Amino acid sequence: MTVTLRFEDGAVVVSSDGDDLNPTSLPGVERDARTGSHRAPARRYRAVRDALRDRGADVDDRVAPDARLELSLRYDLREYQEAALAAWRGNDERGVVELPTGSGKTVLALAAMAELGVPTLVVVPTVDLLEQWRRELESEFGVPVGQFGGGEQRAAALTVATYDSAYLRAEDVGGDFGLIVFDEVHHLGGEGYRDVARLFAAPARLGLTATFERPDGAHETVADLVGPVVFERDVDALSGEHLAEYDVRRIEVRLSESEREEYEREQGTFVEYVRDAGITFSSGSDYQELVYRSGNDPRAREALLAKQRAREVMMNADAKVTELERILERHRDERVIVFTAHTDLVYRLSERFLLPAITGETGAAERREILGKFRDGEYTRVVSANVLDEGVDVPDASVGVVISGTGSERQFTQRLGRLLRPGSDGEKRAVLYELVTSETAEERVADRRR
DNA sequence: TTGACTCAACATCCTTTGCTACAA
DNA sequence: TTGTAGGTTTCCATGTTGAGTCA
């Protein structure tokens, strides 16, 4: 008896020429009533294949791409990269490696590709990263690299894709790769992006991230789709030798009298509603419930809007601008990145201190120009809202100033990571300033992110 | 090829001290 | 007794992204 495996529209189709096999006994395989065929989600491909092998079946496997690639790596891996690679291989070439920004996750993935030598898809969240990876692969392996996304639709044995484009092409090319690498793999927890991992058959899967855990718990889904964390090393373990040493300095500022008055009024409106409505925030979904209520309860809506205004007051306090002036003066000869949460403030600071500004409204060309000049040293400072947190190739800096941010540990880690690429002399010491408005909810927000 | 636009998706958005049901 | 986890649906606003469309 021969069992045939085929890839079709994001699924693995199982057929056999005899009656000995009950296909639904295979992992994930169900009978499709419409076509009468037996199929499993593509991600179960390896489990199905292995189960058939265990039973000694003769398998005609038309899913696995049979192309073999000769890829050689010029880099020598560092000790922790070797260890991460070994851990991943030891877990049947599945799993997530959690390493800080700047510690060489890309090199690790290149090494995995070279060792496996199978057609590989690299999935990334932004077009910026798409281009970085493509350049890296081309220069390292000297082969043409395919691209899905950013206006291109070109397949090759080594291909890079955005999460969006990978999803759009999955039914079509989901069986073409032996290895799939998810850069910034925490994105895979998003409701829509999960399907990327489901619809591709690639048996070998590598996830890369600096911050695996998600506040919504969806990292468990990611672990299910890609594999568990097989290796992790945090910033502190690498700083000094492979990453710059750093300090985080929290600076407390006070609201002005009028700001305090406004803050207390708006925050009071919010707290009062929350108390009256009996919302305790004892579970994570309570805030969500408040949002639902605001759909038809005017008081709930007003409470949320008041909270929004209170947040703006505390995050954009005038005293932070004064404090920033001092910091810029103190680090006049160093490269400084200023992070905020609101675009309005970005433009205010840009005008006041003549800082080049990057926000979501900044076009691609202008963005490239600013980052290029920052890289060359023509600009030594840049101010941005959330744009530079992730997914953009940001030139190295040694001073960061967090004017405002969310309570997200991920955002904090990413911002810190912007400063940690070691200097050429190895003597660099980075500083991240955190400006926090005292006696406001921002103190809690700042505590939460660490 | 580009730029401007729309659209959908993702992420964050959280108070203080208290209720209830259930498991160890 | 003590400690701990927690039930609904169609979503207030802001910032950012990628894909697609059209001029």
Side-chain angles (χ1 to χ4, degrees), chain A residues 123-131 147-153 161-169 184 186-196 211 214-218 267-312 314-316 339-347 358-367 384-392 404-412 414 440-449:
Chain A
V123 189
V124 303
T126 64
V127 171
D128 212 75
L129 284 172
L130 193 72
E131 278 156 15
Q147 180 174 328
F148 299 141
E152 302 257 359
Q153 292 297 327
T162 59
Y163 279 86
D164 291 82
S165 285
Y167 172 73
L168 293 172
R169 299 299 306 271
E184 310 288 3
H186 48 272
H187 285 282
L188 207 53
E191 208 66 56
Y193 287 162
R194 292 175 190 181
D195 285 336
V196 178
T211 47
R214 294 168 50 109
D216 61 2
Q267 181 77 1
T269 303
F270 176 73
V271 172
E272 195 186 334
Y273 176 81
V274 164
R275 204 175 29 231
D276 290 356
I279 295 170
T280 59
F281 294 106
S282 47
S283 85
S285 59
D286 279 9
Y287 187 82
Q288 206 53 39
E289 189 192 327
L290 182 52
V291 173
Y292 291 145
R293 282 192 197 199
S294 70
N296 49 20
D297 176 354
R299 272 198 75 205
R301 185 178 138 80
E302 182 46 41
L304 275 175
L305 292 176
K307 180 68 200 169
Q308 186 79 20
R309 289 191 291 269
R311 200 158 42 224
E312 241 163 83
M314 78 182 187
M315 284 182 157
N316 304 338
F339 301 99
T340 78
H342 293 106
T343 49
D344 287 356
L345 184 63
V346 170
Y347 294 123
I358 299 181
T359 71
E361 298 163 15
T362 312
E366 190 183 352
R367 201 178 287 196
S384 118
N386 306 317
V387 184
L388 301 185
D389 292 355
E390 187 199 292
V392 184
S404 52
T406 66
S408 149
E409 191 189 338
R410 165 164 304 123
Q411 184 186 60
F412 186 79
Q414 282 163 340
T440 65
E442 194 168 43
E443 293 181 318
R444 261 197 308 278
V445 170
D447 286 340
R448 203 163 57 224
R449 63 188 168 220

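Being a predicted model, the structure only gives us computed values, none of them experimental. Lettering of chains follows the sequences in order, A, B, ..., and the numbering in each one begins at 1.
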TODO: Please figure out whether A/Thr162 or A/Glu289 has its closest DNA chain C nucleotide nearer the 5' end.
DONE: A/Glu289
Task: d(CD1, A/Ile279; C1', C/dG7) in whole Å - done: 14 Å
Task: Closest to side chain of A/Glu191, choosing from C/dC11, B/dT12, B/dC10 - done: B/dC10
Open item on the list: Taking the P atom in each of C/dT8 and B/dC13, what is the distance between them to the nearest angstrom?
Closed with: 26 Å
Open item on the list: Mind checking if A/Arg299 touches a base, just sugar-phosphate, or nothing, with heavy atoms under 4.0 Å?
Closed with: nothing
- [ ] Rounded to whole angstrom, note down the P distance from C/dT4 over to B/dT15.
- [x] 23 Å
- [ ] Classify the ring geometry between A/Tyr193 and A/His187 as parallel (under 30°), tilted (30 to 60°) or perpendicular (over 60°).
- [x] perpendicular
Task: Nucleotide B/dT12, atom C1' - distance to CD of A/Glu390 in whole Å - done: 14 Å
Task: Nucleotide nearest A/Leu305 when distance is taken to its side chain, options B/dT15, C/dC12, C/dT17 - done: C/dC12
Open item on the list: For the backbone of A/Ala341 and the side chain of A/Ser404, can you confirm whether one donor and one acceptor N or O come within less than 3.5 Å of each other?
Closed with: yes
Open item on the list: Check the phosphate of C/dT17 against A/Arg367, side-chain N and O only, distance under 4.0 Å to OP1 or OP2. Yes or no?
Closed with: yes
Task: Distance, rounded to the nearest Å, where A/Asp216 contributes CG and B/dT12 contributes P - done: 8 Å
Open item on the list: Measuring to OP1 and OP2 of B/dC14, would you say a side-chain N or O of A/Arg311 lies under 4.0 angstrom away?
Closed with: yes
Open item on the list: Just the rounded figure in Å: distance from P of B/dA9 to CZ of A/Arg194.
Closed with: 14 Å
Open item on the list: If you only use heavy atoms from C-beta on, which nucleotide in C/dC12, B/dT12, B/dT15 is closest to the side chain of A/Leu304?
Closed with: C/dC12
- [ ] Determine the Euclidean distance between corresponding C1' atoms of B/dT1 and C/dC22; express it in Å to zero decimal places.
- [x] 14 Å
Open item on the list: Using atom C1' in both nucleotides, what's the gap between B/dA21 and C/dG7 to the nearest angstrom?
Closed with: 11 Å
- [ ] Please state how far atom CG in A/Asp297 lies from atom C1' in C/dT8, giving the value in whole angstrom units.
- [x] 15 Å
Open item on the list: In this structure, how many angstroms lie between the P atom of B/dC13 and the NE2 atom of A/His342, rounded?
Closed with: 11 Å
- [ ] Go ahead and name the base partner of B/dT1; Watson-Crick or wobble counts if both distances stay under 3.5 Å, otherwise write none.
- [x] none
Open item on the list: Does B/dT15 have OP1 or OP2 under 4.0 Å away from a side-chain N or O of A/Lys307?
Closed with: yes
TODO: Would you state whether a donor and an acceptor, one from the side chain of A/Tyr292 and one from the base of C/dT9, lie under 3.5 Å apart?
DONE: yes
Task: Heavy-atom side-chain proximity of A/Ile279 to A/Leu290 below 4.5 angstrom - done: yes
Open item on the list: Check the phosphate of B/dT17 against A/Arg275, side-chain N and O only, distance under 4.0 Å to OP1 or OP2. Yes or no?
Closed with: no
Open item on the list: Both A/Thr343 and A/Gly295 contact DNA chain C. Which one's nearest nucleotide lies toward the 5' end?
Closed with: A/Gly295
Task: Where A/Asp389 and A/Gln414 come nearest, the two heavy atoms and their spacing - done: O-CB, 3.2 Å
Task: Of the listed nucleotides C/dA19, B/dC13, B/dT16, the one nearest the side chain of A/Leu168 - done: C/dA19
- [ ] Using a cut-off of strictly less than 4.0 Å, decide whether A/Ser165 has a side-chain nitrogen or oxygen near OP1 or OP2 of C/dA19.
- [x] yes
Open item on the list: Base, sugar-phosphate or nothing for A/Tyr163? Non-hydrogen atoms, less than 4.0 Å.
Closed with: nothing
Task: Closest listed nucleotide, where the reference is the side chain of A/Tyr287 and the choices are B/dC13, C/dT14, C/dA19 - done: B/dC13
Task: Candidate list A/Tyr163, A/Phe148, A/Tyr167, test side chain to side chain contact (heavy atoms under 4.5 Å, CB included), partner A/Val123, passing option - done: A/Tyr163
Open item on the list: Suppose you measure atom C1' in C/dT10 against the same atom in B/dA9; what distance do you get, rounded to whole Å?
Closed with: 15 Å
Task: Toward the 5' end of DNA chain B, by each residue's nearest nucleotide, A/Arg444 or A/His186 - done: A/His186
- [ ] Determine whether A/Met315 and A/Leu345 make a side-chain contact, defined as any pair of heavy atoms from C-beta on separated by less than 4.5 Å.
- [x] no
Task: Phosphate OP1/OP2 of B/dT15 contacted by A/Gln267 side-chain N/O (<4.0 Å) - done: yes
Task: d(CG, A/Asn316; P, C/dT14) in whole Å - done: 13 Å
Open item on the list: Measure CD/A/Gln288 against P/C/dG6 and give the value in whole Å, please.
Closed with: 16 Å
- [ ] Side-chain contact test, heavy atoms from C-beta onward, threshold under 4.5 Å: evaluate it for A/Thr126 versus A/Glu184 and give yes or no.
- [x] no
